[in-house]
Number of protein chains: 2
Amino acid sequence: MHASFHPQASFDPDYNPMIRKLESIFTLTDDERRALETLPMQLAVLRDHQDIVREGDRPSRSCLILGGFTATYKITAGGKRQIVAFGIPGDIPDLQSLHLKVLDVSIGTLTQCRLGFITHDDLRDLCTRFPRIAAAFWRETLIEGAIFREWVINIGRREAYSRMAHVLCEFLVRLRAVGLVEGHACDLPITQVEFADALGITPVHINRVFQQMRADGLIELKGERLNIPDWDRLKHVGEFDSTYLHLEIDQAVA
Amino acid sequence: MHASFHPQASFDPDYNPMIRKLESIFTLTDDERRALETLPMQLAVLRDHQDIVREGDRPSRSCLILGGFTATYKITAGGKRQIVAFGIPGDIPDLQSLHLKVLDVSIGTLTQCRLGFITHDDLRDLCTRFPRIAAAFWRETLIEGAIFREWVINIGRREAYSRMAHVLCEFLVRLRAVGLVEGHACDLPITQVEFADALGITPVHINRVFQQMRADGLIELKGERLNIPDWDRLKHVGEFDSTYLHLEIDQAVA
DNA sequence: CGACTCTTTGAATTTTGTCAAACTGAGTGG
DNA sequence: CCACTCAGTTTGACAAAATTCAAAGAGTCG
């Protein structure tokens, strides 16, 4: 079972995408499940474009994204912003701070977000008691690393057009894994300026690329709604191969 | 064999940079030390420019770099190569394969390398018995991730000149942490073509950048020997701040 | 209707890429 | 010891991709 449309998932306050994600990797024991369900979590809702944590912070907790999208970014000395990762529901974008005291990036919301803050003490305790969960968390950060590598390749070696195609493919596949894609369409609440900051290009150029992709029938983008009429062609243009996302379930469309 | 201010370190067959690295983070207990010292490790020496593992492999062991330098890379569909990381002594460039079955990158030697292969079974056993070592390994992979993020920023948002300055700074600081820098000089057994593949630029352009940097007195580069006459200026040009490397010891020169 | 953010457009400029050839220095073998 | 090779570096002229600057349009919200 994969990737179906679960609108309720986004609204049910008890729905925990972290548990769902772990279950997709291995079957939880009753003890593990109970520990996860009772894991103390401080809920918060943030407006769009708010910082969650900032470079230089020494956080004592990490945040699980329950709903909404985040961006992990850094501002260069020259004042330019580079987004290095997008966070989607189920992600813990600052899990790294569990082992690295000082945060080397900032994380902010792109849309309104429902977040669950979990203290490092509780996370450490969980990892000590349940090594399989610890391994799964470690694995998550390794996949995050694989995505960073792919971004280096994307930005370093592909021109703007296929670079954009590649992130769109990645975004769609990741969203599908958490059930946020309907058919070949999904919400895309990311502005052209934000894409520019993520792809290392100029907003002006992003716009030109989008124009071209629309003209080529590669994407249908209106407002915050994205539709992919020809997935195989988009994959081909973006040279996209989902292996690096290390999804357990082989998605028919990935 | 070059590349070392501590010749004994490179030649002593018992010298293990992994133990040294762990000791720089916390004091090992006798049990931990013994386990590390007796960790079965298959030694190998590889010529320069040999693949150690390839994309798509499903390795059952990881390799510790005892001496020499490696490059982690991927070839795009268009046949271009992007290097996403340099491996230096003390690194385990494919530690990720402990938790991610299929390798999503290739790793090859840049120079002749002395490698120590450790089976995943032995590593898993070590991690289970010594949670602090497991945490330290996890931490290493998180720092690796931080370096990837920095590369995204470097390639995405800096022009060739400061981009090069930045990698040189990073390389020097990392080398210094393992005792491979003398004063402000180190071996730099990386060709211009390889730098091009790492920085996402053309070899021709790398050359122009080097020319300019030499003319500006920013670097002294002759053969495989690099000297930095003015560290502060190089750092400034590369907008380099070593925080993301998460070194425990604050290096005077970092 | 402003006020606002986000998108779109055009023209001139800069950075970087491409291609092709020459140069350099360290081996190698006659 | 001198060609010869070979990998790596350097150069120049030209082309392409992307940036910059500046301004105009579109959509939404109070």
Name the atoms and distances for all side-chain donor-acceptor pairs under 3.5 Å in residues 65-75 of chain A, with sequence neighbours left out.
unit_1, atom_1, unit_2, atom_2, d
A:Thr70, OG1, A:Gly87, N, 3.4
A:Tyr73, OH, A:Asp51, OD1, 2.6
A:Tyr73, OH, A:Asp51, OD2, 3.0
A:Lys74, NZ, A:Asp104, O, 3.2
A:Lys74, NZ, B:Glu150, OE1, 2.6

Protein-nucleotide distance ([X], atom [atom1]; [N], atom [atom2]), rounded to Å:
X        : N      : atom1 : atom2 : value
A:Glu159 : C:dG17 : CD    : C1'   : 11 Å
B:Asp48  : D:dC6  : CG    : C1'   : 14 Å
B:Arg47  : D:dA7  : CZ    : P     : 13 Å
B:Arg158 : C:dT15 : CZ    : C1'   : 17 Å
A:His205 : C:dT8  : NE2   : P     : 15 Å
B:Met164 : C:dT15 : CE    : P     : 17 Å
A:Lys80  : D:dA18 : NZ    : C1'   : 12 Å
A:Arg157 : C:dT16 : CZ    : P     : 13 Å

Run the salt-bridge test on [X] and [Y] with the 4.0 Å N-O cut-off and return the result as yes or no.
X        : Y        : value
A:Arg214 : A:Glu220 : no
A:Asp241 : A:Lys235 : no
A:Asp94  : A:Arg61  : no
A:Asp216 : A:Arg233 : no

The helix from C:dC1-D:dG30 to C:dG30-D:dC1: angle between terminal helix axes, five bp per end, to the nearest 10 degrees, reads 30°
request  = Please check if any side-chain donor atom of A:Arg149 sits under 3.5 Å from a side-chain acceptor atom of B:Gln96, or the reverse.
outcome  = yes
**Report entry** No-hydrogen, no-angle side-chain donor-acceptor test under 3.5 Å, A:Asn207 and A:Gln192
**Finding:** yes
Here the salt bridge (Lys or Arg N to Asp or Glu O under 4.0 Å) pairs for residues 188-206 of chain B, sequence neighbours left out, are A:Arg157-B:Asp197, B:Arg81-B:Asp197
task: Taking the six-membered ring for Trp and the full ring for Phe, Tyr or His, determine whether the centres of B:Trp151 and B:Phe86 are under 6.0 Å apart.
output: yes
Taken in chain and number order and not counting sequence neighbours, the residues that satisfy salt bridge (charged side-chain N to carboxylate O under 4.0 Å, His left out) with B:Arg208 are none
Residue pair A:Glu194/A:Gly156 against DNA chain C: nearer the 5' end by closest nucleotide is A:Glu194
Only residue of A:Ile88, A:Val181, A:Leu247 satisfying side-chain contact (heavy atoms from CB on, under 4.5 Å) with A:Arg174 is A:Ile88
5' to 3', nucleotides 21-29 of chain C under a 4.0 Å protein heavy-atom cut-off (B base, S sugar-phosphate only, - none) gives ---------
Pairs: protein N or O with nucleotides 9-11 of chain D N or O, under 3.5 Å:
unit_1, atom_1, unit_2, atom_2, d
D:dT9, OP2, B:Gln192, N, 2.8
D:dT10, OP1, B:Arg214, NH2, 3.0
D:dT10, OP2, B:Gln192, NE2, 2.7
D:dT10, OP2, B:Asn207, ND2, 2.5
D:dT10, OP2, B:Arg214, NH2, 3.2
D:dT10, O5', B:Asn207, ND2, 3.2
D:dT10, O5', B:Gln211, NE2, 3.2
D:dT11, OP2, B:Gln211, OE1, 3.2
D:dT11, OP2, B:Gln211, NE2, 3.2

